[in-house]
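Okay, so here's the structure we're looking at.
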2 protein chains.
Amino acid sequence: MPSDDNRTYSIKELACDFGVTPRTLRHYEDQGLIAPERQGQNRIYSAEDRVRLAWILRGKRVGFSLSEIGEMLDLYNVGDGRETQRAVTVDRCRDRIRALEAQRDDINATIEELQEFCELIANLIRDKDRGLWVRRDTGQPLGKYQP
Amino acid sequence: MPSDDNRTYSIKELACDFGVTPRTLRHYEDQGLIAPERQGQNRIYSAEDRVRLAWILRGKRVGFSLSEIGEMLDLYNVGDGRETQRAVTVDRCRDRIRALEAQRDDINATIEELQEFCELIANLIRDKDRGLWVRRDTGQPLGKYQP
DNA sequence: GTTAACGTTTACGTTAACGTCAACCACGAA
DNA sequence: TTCGTGGTTGACGTTAACGTAAACGTTAAC
């Protein structure tokens with residue numbers, strides 16, 4: 001089957017595919033995050049632009065700002081740069097990784113707390129449904145339809 | 001040793017402890033996220049307010065907006081509410097958990113890509129340091145100090 | 001030939017999460 | 001008494017990431 005790797009996309013196609021608006025894509029271009037080719041005035045997006053966009057949107061989802069994402073994308077374009085520049089790149093890359101790991105820890109902690117709380121309430125509901133609730137004063141079961 | 005659980009804190013103390021500004025705490029209060037007691041005009045923060053603040057800040061770190069965090073904090077205050085309200089609470093709680101898990105997956109994917117890229121550049125540096133680079137045209141080693 | 005669907009640039013509007021500043025009060029120390 | 005420190009309430013400013021609207025140019029369809 002024909003690989004679609006050399007297909008191109010209009011701005012609306014690409015936007016729809018990724019659930020964003022054309023305005024968003026233009027904005028990313030203004031910020032220097034993507035640079036699609038042009039046919040006259042019109043923007044023509046390539047498969048490469050797609051993966052860039054995917055990167056950008058995932059970066060957003062994990063909490064990076066557009067300028068941070070821009071820096072990270074730049075990291076991929078310095079393979080031909082100077083040595084010192086490369087070392088800096090590696091350092092910053094590792095900083096990002098550490099930050100992401102910290103964020104992941106935060107997320108895990110939040111998930112755990114939410115799970116505990118969620119189960120607690122779910123159990124409350126289930127127990128009431130089984131008529132397990134009792135009156136605080138007498139200790140008598142409330143029965144099934146007690147407010 | 002004396003438990004500090006009933007200590008109180010001024011706005012500046014609490015702000016410093018958590019690396020934010022007093023303005024931030026007032027803002028959170030405006031949004032209904034915390035409601036410290038007062039001594040006359042002055043805000044007095046309790047140990048309970050501390051844990052609330054910790055929750056808020058972690059919520060921020062994992063990407064929630066203040067209003068979302070407010071809703072989540074509200075979840076903890078409906079234990080005495082109606083049955084239907086409880087069910088809604090559980091549902092929304094589980095939605096949040098799923099969203100957080102998705103976000104965690106994103107983070108893991110990003111970490112992996114950054115790690116691969118990072119190792120790639122690190123290897124470039126190491127190899128050059130060992131004089132392993134060659135000229136593209138002749139295949140001859142470049143030696144150690146080739147730009 | 002004009003209407004519809006797509007594209008373009010330019011520019012002002014909006015929201016969130018505070019920053020910043022003014023004007024004020026209270027209190028302990030010098 | 002004045003100064004420094006820390007608190008208060010407005011209220012306007014700022015930044016990021018777009019939304020929205022105006023004014024305009026293409027191309028295909030009817």
Side-chain angles (χ1 to χ4, degrees), chain A residues 7-46 49-50 52-74 96 99 103 106 110, chain B residues 7-46 49-50 52-74 96 99 103 106 110:
Chain A
R7 258 206 59 188
T8 65
Y9 306 84
S10 77
I11 190 169
K12 202 182 183 187
E13 278 178 319
L14 194 59
C16 284
D17 287 0
F18 284 85
V20 299
T21 71
R23 170 69 175 113
T24 300
L25 297 186
R26 293 196 194 99
H27 181 58
Y28 292 167
E29 187 171 349
D30 288 345
Q31 308 296 331
L33 301 184
I34 26 178
E37 293 174 13
R38 300 282 183 134
Q39 270 185 7
Q41 289 264 75
N42 293 23
R43 293 167 173 83
I44 302 296
Y45 295 89
S46 68
D49 291 324
R50 279 185 80 99
R52 269 184 96 84
L53 181 55
W55 237 96
I56 294 169
L57 295 178
R58 200 179 60 193
K60 286 219 62 189
R61 288 199 301 274
V62 308
F64 289 123
S65 73
L66 291 189
S67 64
E68 287 174 320
I69 292 171
E71 291 180 32
M72 295 177 62
L73 287 173
D74 285 346
R96 290 245 166 276
Q103 197 177 342
D106 274 334
T110 306
Chain B
R7 257 206 60 188
T8 65
Y9 306 84
S10 77
I11 190 169
K12 201 180 184 188
E13 277 178 320
L14 193 60
C16 283
D17 286 1
F18 283 85
V20 299
T21 72
R23 170 69 176 114
T24 299
L25 297 186
R26 294 196 194 99
H27 182 58
Y28 292 166
E29 187 171 349
D30 288 345
Q31 308 296 331
L33 301 184
I34 27 178
E37 293 173 13
R38 299 284 183 131
Q39 270 186 6
Q41 290 263 77
N42 293 22
R43 293 167 173 84
I44 302 295
Y45 294 89
S46 69
D49 292 323
R50 280 186 79 98
R52 270 184 97 84
L53 181 56
W55 236 96
I56 294 169
L57 295 179
R58 199 179 60 193
K60 287 219 61 191
R61 289 199 301 273
V62 308
F64 289 124
S65 72
L66 291 189
S67 64
E68 287 173 321
I69 293 171
E71 292 181 30
M72 295 177 62
L73 287 174
D74 286 346
R96 290 245 166 278
Q103 196 176 341
D106 275 336
T110 307

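So that the names make sense, note that chain A is the first sequence line, chain B the second, and so on, each numbered from 1.
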Any donor-acceptor pair under 3.5 Å from A:Arg52 side chain to A:Leu33 backbone: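 Yes: the side chain of A:Arg52 pairs with the backbone of A:Leu33.
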Side chain A:Gln103, main chain A:Val62, donor-acceptor under 3.5 Å: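 Checked: pair present.
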Any pair counted as salt bridge (Lys or Arg N to Asp or Glu O under 4.0 Å), so long as it reaches residues 16-27 of chain B, sequence neighbours left out: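 Counting only pairs at least two positions apart or across chains, the salt bridge (Lys or Arg N to Asp or Glu O under 4.0 Å) contacts touching residues 16-27 of chain B are B:Asp17-B:Arg50.
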Is [Y] close to [X] at the side-chain level, that is, under 4.5 Å between some pair of heavy atoms?
X	Y	result
B:Trp55	B:Met72	yes
B:Thr8	B:Gln39	no
B:Ile34	B:Leu73	no

Whole angstrom value for the distance that separates P of D:dT8 from CD of B:Gln41: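 So the two atoms are 8 Å apart, to the nearest Å.
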Whole-Å gap separating C1' (D:dT8) and CD (B:Glu37):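 Answer to the nearest Å: 18 Å.
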Return the [atom1] to [atom2] distance between [X] and [Y], rounded to the nearest 0.5 Å.
X	Y	atom1	atom2	result
B:Phe18	B:Ile56	CZ	CD1	9.5 Å
A:Arg7	A:Ser46	CZ	OG	12.0 Å
A:Gln31	A:Leu66	CD	CG	6.0 Å

Exceeds 12 heavy-atom contacts within 6.0 angstrom, atom CD of B:Glu37: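 Open.
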Nearest heavy atoms of B:Thr21 and B:Ala15, plus distance in Å: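 Looking at all heavy atoms of both residues, the closest pair is C-CB, 3.7 Å.
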Close residues, residues 20-29 of chain A, relative to DNA chain D [heavy-atom separation under 4.0 Å]: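 Within this stretch, A:Thr21, A:Arg23, A:Thr24, A:His27, A:Tyr28 sit under 4.0 Å of the strand.
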When you compare the protein's N or O atoms with those of nucleotides 4-6 of chain D, which come within less than 3.5 Å of each other, and at what distance?
from  : atom 1 : to      : atom 2 : distance (Å)
D:dG6 : OP2    : B:Lys12 : NZ     : 3.4

Audit row: A:Leu57, A:Leu53, side chain to side chain contact (heavy atoms under 4.5 Å, CB included) steps and yes/no: CA-CA 6 Å; A:Leu57 295 178; A:Leu53 181 55; 4.0 Å; yes
With sequence neighbours excluded, residues passing side-chain contact (heavy atoms from CB on, under 4.5 Å) with A:Glu29: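 Partners of A:Glu29 under the side-chain contact (heavy atoms from CB on, under 4.5 Å) test: A:Pro36, A:Arg38, A:Arg43, A:Tyr45.
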Stem list, DNA chain D (Watson-Crick or G-U pairing under 3.5 Å, at least 3 consecutive pairs):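 Stems (3+ consecutive pairs) listed as C:1-30 with D:1-30.
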Outermost nucleotides of DNA chain C that come under 4.0 Å of a non-hydrogen atom of chain B: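 For DNA chain C, the relevant span reads C:dA17 to C:dT20.
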